[in-house]
Number of protein chains: 2
Amino acid sequence: MAKTDTKTRILDTAERLFAQKGFDAVSLRTIIASAKVNLAAVHYHFGSKQALVHAVISRRLRPINEERLTQLAEIRIKAGRRPVKLEHVLECLFRPLFRVQANSKAGPTFARLVGRVMGERNEGLHKFMMGELAEVIIQFSAAIEAALPELPKEESDWRSHFMAGAMAHTLCNADLLVRFTGTDAGASDYESTVRRLIDFTAAGFRARVSPPPKKARAKRKPKRT
Amino acid sequence: MAKTDTKTRILDTAERLFAQKGFDAVSLRTIIASAKVNLAAVHYHFGSKQALVHAVISRRLRPINEERLTQLAEIRIKAGRRPVKLEHVLECLFRPLFRVQANSKAGPTFARLVGRVMGERNEGLHKFMMGELAEVIIQFSAAIEAALPELPKEESDWRSHFMAGAMAHTLCNADLLVRFTGTDAGASDYESTVRRLIDFTAAGFRARVSPPPKKARAKRKPKRT
DNA sequence: GCCTGTTTCAAACAGTCGTTTGAATTAAAT
DNA sequence: ATTTAATTCAAACGACTGTTTGAAACAGGC
């Protein structure tokens with residue numbers, strides 16, 4: 001077969017366009033024009049646009065999540081009785097996702113797409129994404145808490161939230177910073193990005209919890225001459 | 001005047017709906033139905049939907065940015081010759097923005113909206129936002145670098161990027177975590193959020209820069225029996 | 001050959017979108 | 001009261017959306 005499968009050509013094209021412009025901003029007609037297939041083919045193979053979106057996401061996200069969980073299980077075994085190291089947990093979480101940025105021949109496409117999902121208000125899409133990520137969230141939340149036994153659970157949740165934001169924003173706007181700082185986006189520089197993200201978030205997780213502010217914090221303490 | 005100005009009623013309603021569903025997801029007809037004004041009133045007062053979006057944003061963002069710059073200038077003066085403290089810089093950046101979440105009578109609306117903008121791929125909107133934030137970005141980047149003279153500029157840029165992501169995501173999904181962790185979103189609990197965000201990002205900024213990974217990290221060093 | 005099931009195709013459907021129009025209404029000024 | 005400008009209104013415009021339809025093209029088994 002000279003030309004690739006219609007179904008996969010739709011998936012590939014949709015993935016690329018969704019990553020560039022967003023899910024709602026890309027119409028089915030834009031996709032089918034770029035993929036050179038018929039409009040009805042989308043509904044024949046996927047049923048609806050929503051289903052196509054889900055298919056685009058889960059095609060890549062599922063293997064990524066499996067790898068995440070596998071690697072997490074590995075470092076847990078390797079750690080034995082000792083507590084797992086936070087940086088290793090974060091690496092299991094970030095690396096499999098950021099690596100697709102380097103692997104995808106079409107350039108940074110899918111990873112950005114995942115970053116975009118977290119900002120979507122689509123409700124249905126959000127539910128779907130949470131379903132896909134459920135196990136990952138459970139396992140990694142537990143691992144993070146195990147790595148930071150001193151940190152109150154409430155703080156841990158908030159900081160996971162911050163981490164998710166930093167990660168999503170980095171995925172989504174990967175190009176901006178790379179162009180801005182002049183770092184060459186060459187091939188597998190995702191390594192540096194992952195390292196930087198781990199440095200930042202690991203330190204954030206380990207931050208000392210500052211006490212709640214006094215109702216009126218002492219703006220200027222009595223001058224001590 | 002019993003009923004408020006048409007122009008402001010459009011602005012208020014659009015702000016609320018945009019924050020809930022996103023800019024593209026909310027049609028002008030949804031807005032005018034909720035605001036009880038005529039459809040053409042939008043174009044009469046603003047010219048286009050794009051212009052309305054800009055008006056909604058800058059109405060609140062402009063005072064916020066002014067306050068940010070004023071407060072930053074203040075702590076710089078107060079610091080005198082000594083370097084400004086990173087936490088104080090971040091506080092100037094976060095607090096004015098997060099406070100509108102508590103002030104707005106319609107609940108957390110605008111702040112979430114700002115968070116949403118950063119995830120938009122709208123191009124035009126992104127340009128507009130960068131214009132509004134230009135001075136803030138310049139001043140605060142400089143302040144952060146001044147507070148962390150040891151940190152290479154490249155790392156500083158990346159970590160500002162992470163910070164922006166954490167902030168945007170927190171603004172955008174403020175409700176999620178509050179509901180999840182059971183923290184009461186009561187009135188001015190934005191204080192706690194700001195404190196947590198400062199703790200996290202300040203530590204992230206101060207993180208030690210770990211060395212770039214060896215090309216092939218020793219997966220399994222020669223077994224030493 | 002014919003037949004069966006899968007896949008492609010052009011065309012249309014019903015609906016929504018942002019925007020425009022021109023007349024009707026209100027407010028202000030003379 | 002009359003004239004002028006500012007504002008509101010219902011109605012329509014053209015373009016685009018996701019989805020459906022029914023016939024055409026194709027496949028492989030017999």
Side-chain angles (χ1 to χ4, degrees), chain A residues 1-57 59 113 116-117 120-128, chain B residues 1-57 59 113 116-117 120-128:
Chain A
M1 54 176 79
K3 72 171 189 176
T4 48
D5 197 34
T6 300
K7 198 166 169 179
T8 41
R9 201 156 68 256
I10 294 177
L11 279 175
D12 290 340
T13 311
E15 178 182 70
R16 179 170 47 84
L17 293 175
F18 284 155
Q20 284 173 11
K21 310 253 184 189
F23 296 108
D24 293 330
V26 176
S27 69
L28 291 183
R29 284 176 175 81
T30 309
I31 297 173
I32 63 107
S34 178
K36 292 187 177 38
V37 300
N38 188 270
L39 177 57
V42 177
H43 292 87
Y44 175 78
H45 286 285
F46 299 96
S48 68
K49 184 183 182 180
Q50 170 110 318
L52 170 63
V53 170
H54 291 184
V56 166
I57 293 176
R59 174 174 68 144
L113 190 147
R116 191 181 306 286
V117 173
E120 291 273 341
R121 208 56 178 178
N122 187 298
E123 190 65 29
L125 184 55
H126 193 263
K127 285 253 170 71
F128 169 78
Chain B
M1 54 175 82
K3 72 171 190 176
T4 48
D5 197 34
T6 301
K7 199 166 170 179
T8 40
R9 199 154 72 257
I10 294 177
L11 280 174
D12 290 340
T13 312
E15 178 181 71
R16 178 168 48 83
L17 294 175
F18 283 155
Q20 285 173 9
K21 310 254 186 188
F23 296 108
D24 293 331
V26 175
S27 69
L28 291 183
R29 285 176 174 81
T30 310
I31 297 173
I32 62 107
S34 179
K36 291 187 177 38
V37 301
N38 188 271
L39 177 56
V42 176
H43 292 87
Y44 176 78
H45 286 286
F46 299 96
S48 69
K49 182 182 182 181
Q50 170 111 315
L52 171 63
V53 170
H54 291 183
V56 166
I57 293 175
R59 175 174 67 145
L113 189 147
R116 189 181 307 286
V117 173
E120 292 273 340
R121 206 54 177 180
N122 188 299
E123 191 64 29
L125 184 55
H126 192 264
K127 286 253 171 73
F128 168 78

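Convention: sequence-line order gives letters A, B, ...; per-chain numbering from 1. Values reported hereafter were calculated over all heavy atoms of this structure, with side chains retained and with hydrogens, waters and symmetry mates removed.
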Just how far, in rounded Å, is [atom2] of [N] from [atom1] of [X]?
X       : N      : atom1 : atom2 : value
B:Phe23 : C:dC17 : CZ    : C1'   : 18 Å
B:Arg9  : D:dT7  : CZ    : P     : 14 Å
B:Tyr44 : C:dT19 : OH    : C1'   : 17 Å
B:His43 : D:dA10 : NE2   : P     : 17 Å
B:Ile32 : D:dT7  : CD1   : C1'   : 16 Å
A:Asp5  : C:dT7  : CG    : P     : 9 Å
B:Leu28 : C:dT20 : CG    : P     : 12 Å
A:Gln50 : D:dT17 : CD    : C1'   : 15 Å

Any side-chain N or O of [X] below 4.0 angstrom from OP1/OP2 of [N]?
X       : N      : value
A:Ser27 : D:dC16 : no
B:His45 : D:dT8  : yes
A:Asn38 : C:dT7  : no
B:Thr6  : D:dT8  : yes

Going by the angle between their ring planes, with limits at 30° and 60°, are A:Phe128 and A:His54 parallel, tilted or perpendicular?
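Parallel, since the angle between the ring planes stays under 30°.
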In the structure I gave you, are the side-chain heavy atoms of B:Asp12 and B:Arg59 within less than 4.5 Å of one another anywhere?
yes
Are the side chains of B:Lys36 and B:Thr13 in touch, meaning some heavy atoms are under 4.5 Å apart?
no
From the set D:dT17, C:dC17, C:dT8, return the single nucleotide nearest to any side-chain atom of A:Arg29.
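For the A:Arg29 side chain, the nearest candidate turns out to be D:dT17.
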Checking B:Arg116 side chain against B:Ala19 main chain: does a donor-acceptor pair fall under 3.5 Å?
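Checked: pair present.
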So, does B:Lys49 use its side chain to make a donor-acceptor pair with the main chain of B:Ser27 at under 3.5 Å?
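No; zero donor-acceptor contacts below 3.5 Å.
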Using heavy atoms to find the nearest nucleotide of DNA chain D for A:Ser48 and B:Leu39 separately, return the residue whose nucleotide is more 5′.
B:Leu39
For A:Ala40, report the nucleic acid contact type (base, sugar-phosphate, nothing); a contact means any heavy atom under 4.0 Å.
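Result for A:Ala40 = base.
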